Every structure is written in C-alpha cells, then in structure tokens.
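Residue indices begin at 1 and follow the sequence shown. Keep in mind it's a predicted model, so treat the numbers as computed, not measured.
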Amino acid sequence: MSVVLPQPFLELVACRLQAIAEPTRIRLLTLLEQRESTVQELTDELQTTHQNVSKHLGVLRHAGIVTRRKAGNKVWYALADYSACRLIEQATASTTGYVEELAGIVGID
C-alpha cells in the first residue's frame, strides 16, 4: 500500500533536508548535539567567522532544527529536533559503507 504525500508536505521535507545537507551545518549540529552553545563558542570551535556561523544557524532555525534563547547579552543555540542528528548518523554510516565498497573494488585496503 503506497501513501501519496501532498506536494506542500514534500516541499517542507525537502527544505529540512536541504538545511541539513551542508558541511558547516552538519558540524554545527554535531556540536549542538553535545551541548547548548553561543555563536562565539561555535565560531571558536569551527574556526570560522561569526557571520558564517550566524548565517548557518539562521537556516537551521528557520527549518525548525535549532532553537535559540537569550540570557542577558548572550544568545544560546540548542537542538530543537534530534532526528536531524539521526539522519546525519545514517548518512555517515551509508557513506562509510559506500567508500569501503569503492575501496574494495579498486583494491585499496
């Protein structure tokens, strides 16, 4: 039995997947899975610019994957949807298997 999903729902799913499918955002989500962090902490950890981290956090927040809260003059970011990290774990495992398969084909151990 096949379920036909409505187009607007599929577009929402695609938007959330696109939000995750970027290397810097994957790294941000991996860090936020460990603990809530400020933009400065994330900037220091990723060794990039404050503007770059803020831009990527904005995309993730717009997609409903991260949340933020203000505490004094700091803004703290945290995961709002841990299933995004499960998707990253699944994609990582799948990619690892694919790379191992390719290495076996070309004779690389």
Side-chain angles (χ1 to χ4, degrees):
M1 176 181 196
S2 171
V3 176
V4 178
L5 299 173
Q7 186 64 26
F9 181 76
L10 292 175
E11 289 173 12
L12 180 60
V13 170
C15 178
R16 289 175 57 90
L17 288 171
Q18 288 170 347
I20 296 168
E22 200 285 329
T24 299
R25 292 184 208 135
I26 292 171
R27 292 176 66 206
L28 284 168
L29 291 171
T30 302
L31 291 170
L32 290 173
E33 184 178 28
Q34 298 170 24
R35 64 180 165 76
E36 182 181 54
S37 299
T38 65
V39 173
Q40 188 59 56
E41 290 171 339
L42 294 166
T43 299
D44 292 345
E45 186 71 31
L46 296 179
Q47 298 181 346
T48 187
T49 65
H50 191 277
Q51 181 181 10
N52 189 38
V53 169
S54 292
K55 175 187 77 170
H56 288 296
L57 287 170
V59 171
L60 293 168
R61 186 168 171 259
H62 179 73
I65 298 168
V66 301
T67 187
R68 71 178 186 176
R69 69 174 177 85
K70 285 191 165 200
N73 62 351
K74 290 188 178 184
V75 177
W76 292 86
Y77 285 84
L79 277 179
D81 183 355
Y82 281 82
S83 65
C85 292
R86 301 301 75 82
L87 286 171
I88 292 168
E89 289 170 3
Q90 290 175 341
T92 300
S94 174
T95 302
T96 300
Y98 180 65
V99 169
E100 289 171 353
E101 181 180 336
L102 289 176
I105 290 170
V106 297
I108 300 172
D109 291 327

Side chain to side chain contact (heavy atoms under 4.5 Å, CB included) with H50: which residues, sequence neighbours excluded? V39, Q40, T43, S54

Can you list, pair by pair, the side-chain donor-acceptor contacts under 3.5 Å of residues 18-27, counting residues two or more places apart and other chains?
| residue | atom | partner | partner atom | Å |
| --- | --- | --- | --- | --- |
| E22 | OE1 | T24 | N | 2.7 |
| E22 | OE1 | R25 | N | 3.0 |
| R25 | NE | H56 | ND1 | 3.0 |
| R25 | NH1 | A19 | O | 3.3 |

For E45, check salt bridge (charged side-chain N to carboxylate O under 4.0 Å, His left out) against everything at least two apart and list the hits. none

Sequence neighbours excluded, every pair satisfying salt bridge (Lys or Arg N to Asp or Glu O under 4.0 Å) that has a member inside residues 53-63: none

Run the side chain to side chain donor-acceptor pair (under 3.5 Å) test against Q47 and tell me which residues pass, sequence neighbours left out. none

Who are the side chain to side chain donor-acceptor pair (under 3.5 Å) partners of E11, not counting sequence neighbours? Q7

For T92, is there any backbone N or O sitting under 3.5 Å from a side-chain donor or acceptor partner on T96? yes

Pairs flagged by salt bridge (Lys or Arg N to Asp or Glu O under 4.0 Å) wherever residues 69-91 is involved - sequence neighbours left out: R16-D81, E33-R86, E36-R69, R86-E89

Test applied, side chain to side chain contact (heavy atoms under 4.5 Å, CB included); reference residue, Y77; option that passes from V53, T67, L57, T38: L57

With sequence neighbours left out, the residues meeting side chain to side chain donor-acceptor pair (under 3.5 Å) with T48 are N52

Checking L42, I65, L79 against L28 for side chain to side chain contact (heavy atoms under 4.5 Å, CB included), the one that qualifies is L42

Checking S37 now: which residues fulfil side chain to side chain donor-acceptor pair (under 3.5 Å) with it, not counting sequence neighbours? R35

